[in-house]
Amino acid sequence: MSSLIKDNNYDYLIVGAGLFGTTFAREMTDAGYKCVVVDKRKHIGGNVYSEKRSGIDVHVYGAHIFHTNNDKIWEYVNRFATFNNYINKPKVRFGDKIFSFPINLMTLHQLWGVTTPEEAEKKLQEVRIPCENPDNLEDWILSQVGREVYETFIKGYTMKQWQRDPKELPASIIKRLPIRLTFDENYFFDKYQGIPTEGYTQMVENMLDGIEVVTNVDYFSNKSHYDSLAKNVVFTGKVDEYFDFRFGELEYRTLRFEHEEIEGDFQGNAVINYTHPETPYTRILEHKHFQPQTASKISNTIVTREYSDEYKRGKTPYYPINNDKNTKMYKKYALLAKNEPGVIFGGRLAEYKYYDMHQVIGSALVKSKRELEKLSNSAYNKNTD
Ligand code: FAD
Ligand code: UDP
């Protein structure tokens with residue numbers, strides 16, 4: 001990694017060294033195009049950045065578990081990293097009690113004493129609150145599991161995470177979580193799951209092998225200069241910022257992470273969610289448990305308390321808030337983005353989308369393929385003119 005951009009004749013200037021920018025850069029470089037990747041942070045990887053501290057790989061910007069159903073994407077990431085067999089099975093702590101999570105037969109056993117899928121279903125039928133069109137988060141979850149489950153596991157966490165009435169949030173946020181009447185505690189449904197054994201940063205470093213990367217560069221500090229260095233731009237930052245906030249500011253949630261190194265084993269699991277409204281943080285991560293094969297060999301431990309807060313300029317925008325108001329505003333920006341010559345917009349911030357890692361990589365693979373097809377068609381047209 002250098003601190004200066006070497007040339008001024010790139011095919012692609014890629015703004016953002018997160019997974020979108022990195023995947024796009026890899027594909028275009030492999031096809032013979034000259035790329036430079038810049039990032040305003042001091043490191044590569046965007047939000048998946050992890051760093052070794054006292055022998056423990058710390059997920060600096062929150063827990064990242066790779067999961068996908070897509071064979072091609074799984075093969076793709078395995079080109080750059082070896083994955084362990086970590087399966088995410090977080091627990092919930094509500095007051096003094098610990099529950100199995102996501103909601104499954106064990107959770108309902110712990111809450112209600114039911115012991116079979118049939119008993120659980122019977123109890124759920126009694127407590128469900130039917131709703132004709134449950135399009136908001138609260139109505140949807142009440143229609144699935146009723147008020148007690150909602151208030152124990154969902155309401156407090158959601159209010160802390162989004163600082164909004166769950167009735168004003170889209171149901172899509174909560175539909176990410178499975179509800180099962182079996183003892184399966186896997187957080188995800190996907191065929192493949194794991195965490196790179198050498199950490200995400202090493203994986204991203206491998207993806208960027210042989211590609212020029214410059215960190216500590218804010219594209220907006222001198223946009224016209226950076227634009228002049230390349231024929232095309234790939235932009236993975238905030239789309240509203242790119243267009244000078246002309247339709248207003250899109251809202252985000254930001255996060256604050258409090259990392260602490262202590263002796264021993266703090267909580268016996270990688271992730272514990274705190275769903276009580278009076279506990280100020282949403283979850284505590286214990287990083288050594290993301291690598292189950294080595295966790296017991298490490299005598300100290302690093303834990304991270306995760307707090308959610310309203311985003312303001314200058315903070316890091318982590319979660320787009322895809323409610324009606326923001327979706328309407330985003331659509332206006334998306335139209336401008338579509339017509340911006342020579343610029344490709346991609347990733348969580350530029351598309352204002354709640355993308356997981358496999359989806360961001362998938363989207364970058366699709367967009368780079370489309371770009372290569374466009375280039376080969378225009379070369380063909382040139383040759384046949
Ligand atoms: P980013 O990683 O945000 O990268 C964008 C980059 O652009 C950043 O590095 C930023 O510094 C840079 N940038 C922005 N503006 C500029 C500028 N003006 N100049 C230069 N650089 C700029 N996904 C999963 O699959 N599993 C999980 O378990 C999971 N957990 C998550 C937990 C948390 C707390 C969060 C926030 C996300 C989680 N995700 C998870 C989602 C995952 O982080 C994203 O899908 C992925 O990181 C998005 O990549 P990206 O390239 O779109 O964006
Ligand atoms: N959620 C909850 N209780 C939990 C975990 C999640 O209510 O213990 C809700 C919350 O609204 C959250 C959403 O489910 O925003 C999606 O959870 P997920 O773990 O996918 O969030 P992320 O990992 O993206 O922060």
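When a ligand or atom number is given, it counts from 1 through the structure's own listing order.
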**Student:** Regarding ligand 1, does Y61 bring an N or O atom to under 3.5 Å of one of the ligand's N or O atoms?
**Tutor:** no

**Student:** Sequence neighbours excluded and cut-off under 3.5 Å, please list the side-chain donor-acceptor pairs for residues 170-179, or say none.
**Tutor:**
none

**Student:** Would you indicate which of T22, V38, V48 comes nearest to atom 47 (O) of ligand 1 when only heavy atoms are counted?
**Tutor:** V48

**Student:** Check this for me - ligand 1, V360, N or O atoms closer than 3.5 angstrom, yes or no?
**Tutor:** no

**Student:** Run the ring-ring contact (aromatic ring centres under 6.0 Å, His included) test on F153 and F99 for me, step by step, so that the C-alpha distance in whole Å, both residues' side-chain angles and the decisive distance to 0.1 Å come before the verdict.
**Tutor:** CA-CA 9 Å; F153 300 103; F99 290 94; 5.1 Å; yes

**Student:** Give me the residue, atom name and distance of the protein heavy atom closest to atom 22 (C) of ligand 1.
**Tutor:** K40 CG, 3.8 Å

**Student:** Can you name the residues that come within less than 4.0 Å of ligand 2, going by heavy atoms only?
**Tutor:** V92, F101, F153, I154, Y157, T158, Q161, W162, I173, I174, R176, L177, Y187, N273, T275, R283, Y319, Y354

**Student:** Just do the ring-ring contact (aromatic ring centres under 6.0 Å, His included) check on F66 and F83 with the steps written out, would you?
**Tutor:** CA-CA 9 Å; F66 196 91; F83 282 76; 5.6 Å; yes

**Student:** So, do V271 and F290 sit near enough that their side-chain heavy atoms are less than 4.5 Å apart?
**Tutor:** yes

**Student:** Nearest protein heavy-atom contact for atom 2 (O) of ligand 1: which residue, which atom, what distance?
**Tutor:** N47 N, 2.9 Å

**Student:** Examine the proximity of ligand 1 to L255 and report which part, side chain or backbone, both or neither, has a heavy atom under 4.0 Å away.
**Tutor:** side chain

**Student:** Can you classify the ring geometry of H259 versus H287 as parallel (below 30°), tilted (30 to 60°) or perpendicular (above 60°)?
**Tutor:** tilted

**Student:** Enumerate the atoms of ligand 1 whose separation from the nearest heavy atom of F20 is less than 4.0 angstrom.
**Tutor:** 51 (O)

**Student:** Just say parallel, tilted or perpendicular for the rings of F345 and F235, cut-offs at 30° and 60°.
**Tutor:** perpendicular

**Student:** Just by distance, with hydrogens left out, do D139 and S143 show a side-chain donor and acceptor under 3.5 Å apart?
**Tutor:** no

**Student:** Quick one: side chains of residues 294-302, donor-acceptor pairs under 3.5 Å with protein atoms, not counting sequence neighbours, listed by atom name and distance.
**Tutor:**
residue : atom : partner : partner atom : Å
T294    : OG1  : Q291    : O            : 3.3
N300    : ND2  : E261    : OE2          : 2.5
T301    : OG1  : E286    : OE2          : 2.6

**Student:** Run the numbers for me: atoms of ligand 1, each under 4.0 Å from some heavy atom of G347, listed by number.
**Tutor:** 52 (O)

**Student:** Compare D356, T23, I65 and give the one whose heavy atom is closest to atom 28 (O) of ligand 1.
**Tutor:** I65

**Student:** Take atom NZ in K123; do more than 12 heavy atoms of anything else shown fall under 6.0 Å from it?
**Tutor:** yes

**Student:** Any heavy atom of F220 sitting closer than 4.0 Å to ligand 1?
**Tutor:** yes

**Student:** Any N/O of D39 closer than 3.5 Å to an N/O of ligand 1?
**Tutor:** yes

**Student:** Is there a polar contact, in the sense of an N or O pair closer than 3.5 Å, between A63 and ligand 1?
**Tutor:** yes

**Student:** Please state which protein non-hydrogen atom is closest to atom 36 (C) of ligand 1 and give its distance, to 0.1 Å?
**Tutor:** Y318 CD2, 3.6 Å

**Student:** Is the backbone N or O of R128 less than 3.5 Å from a side-chain atom of R147, with the two atoms forming a donor-acceptor pair by type?
**Tutor:** no

**Student:** Hey, looking at atom 43 (O) of ligand 1, which of H64, K42, R283, H43 has the closest heavy atom?
**Tutor:** H64

**Student:** Hey, is K231 close enough to D11 for a salt bridge, meaning N to O under 4.0 Å?
**Tutor:** yes

**Student:** Counting non-hydrogen protein atoms only, what is the nearest one to atom 25 (O) of ligand 1? Give residue, atom name and distance.
**Tutor:** M357 N, 2.8 Å

**Student:** Distance-only criterion, 3.5 Å: show the donor-acceptor pairs between side-chain atoms of residues 12-33 and protein atoms not counting sequence neighbours.
**Tutor:**
residue : atom : partner : partner atom : Å
Y12     : OH   : E371    : OE2          : 2.6
T22     : OG1  : A17     : O            : 3.3
T22     : OG1  : G18     : O            : 2.7
T23     : OG1  : L19     : O            : 2.6
R26     : NE   : D30     : OD1          : 3.2
R26     : NE   : D30     : OD2          : 3.3
R26     : NH1  : M207    : O            : 2.8
R26     : NH1  : D209    : O            : 2.9
R26     : NH2  : D30     : OD1          : 2.8
E27     : OE2  : Y76     : OH           : 2.7
T29     : OG1  : A25     : O            : 2.6

**Student:** With a cut-off of under 6.0 Å to the ring centre and 45° to the axis, is R348 in cation-pi contact with Y355?
**Tutor:** no

**Student:** Checking a contact table here: which protein heavy atom is nearest atom 14 (C) of ligand 1, and how many Å away?
**Tutor:** G237 CA, 3.6 Å

**Student:** Within a distance under 4.0 Å of any heavy atom of R41, pick out the atoms of ligand 1 and give their elements.
**Tutor:** 9 (O), 11 (O)

**Student:** Suppose I only count heavy atoms of G16 and a 4.0 Å limit; which atoms of ligand 1 are within that range?
**Tutor:** 6 (C), 7 (O), 12 (C)

**Student:** Does CD belonging to Q293 count more than 12 external heavy atoms closer than 6.0 Å?
**Tutor:** yes

**Student:** Look at atom 5 (C) of ligand 1 and say which protein heavy atom is nearest, naming residue and atom and giving the distance to 0.1 Å.
**Tutor:** T236 OG1, 3.7 Å

**Student:** Step through the shown structure and confirm whether more than 12 heavy atoms of other residues, nucleotides or ligands are within 6.0 Å of NZ on K52.
**Tutor:** yes

**Student:** Going by heavy atoms, is Y49 under 4.0 Å from ligand 1?
**Tutor:** no

**Student:** When you measure from atom 17 (C) of ligand 1 to every protein heavy atom, which one gives the shortest distance, and what is it?
**Tutor:** D218 OD1, 3.6 Å

**Student:** Show which atoms of ligand 1 fall inside a sub-4.0 Å distance from at least one heavy-atom site of Y355.
**Tutor:** 41 (C), 44 (C), 45 (O)

**Student:** Does R256 qualify as a cation-pi partner of Y307, given the criterion of NZ or CZ under 6.0 Å from the six-membered ring centre and within 45 degrees of its axis?
**Tutor:** yes

**Student:** Take the angle between the ring planes of H59 and H64 and call it parallel below 30°, perpendicular above 60°, tilted in between.
**Tutor:** tilted

**Student:** Check each atom of ligand 1 against the heavy atoms of Y219 and keep those under 4.0 Å away; list them by number with element.
**Tutor:** 17 (C), 18 (N), 19 (N), 20 (C)

**Student:** I'd like to check which ligand 1 atoms, numbered from 1 as shown, lie under 4.0 Å from a non-hydrogen atom of Y319.
**Tutor:** 33 (C), 34 (C)

**Student:** When you check the gap from the basic side-chain N to the acidic O, do K191 and D71 get nearer than 4.0 Å?
**Tutor:** yes

**Student:** Using a 4.0 Å cut-off to any heavy atom of V217, which atoms of ligand 1 qualify?
**Tutor:** 19 (N), 20 (C)

**Student:** Find out whether the Lys NZ or Arg CZ of R41 is both under 6.0 angstrom from the six-membered ring centre of Y61 and within 45° of the ring's axis.
**Tutor:** yes

**Student:** Among protein heavy atoms, which sits nearest to atom 52 (O) of ligand 1, and what does the distance come to when rounded to 0.1 Å?
**Tutor:** R348 N, 2.8 Å

**Student:** So, is G45 polar-close to ligand 1, with some N/O to N/O distance under 3.5 Å?
**Tutor:** no

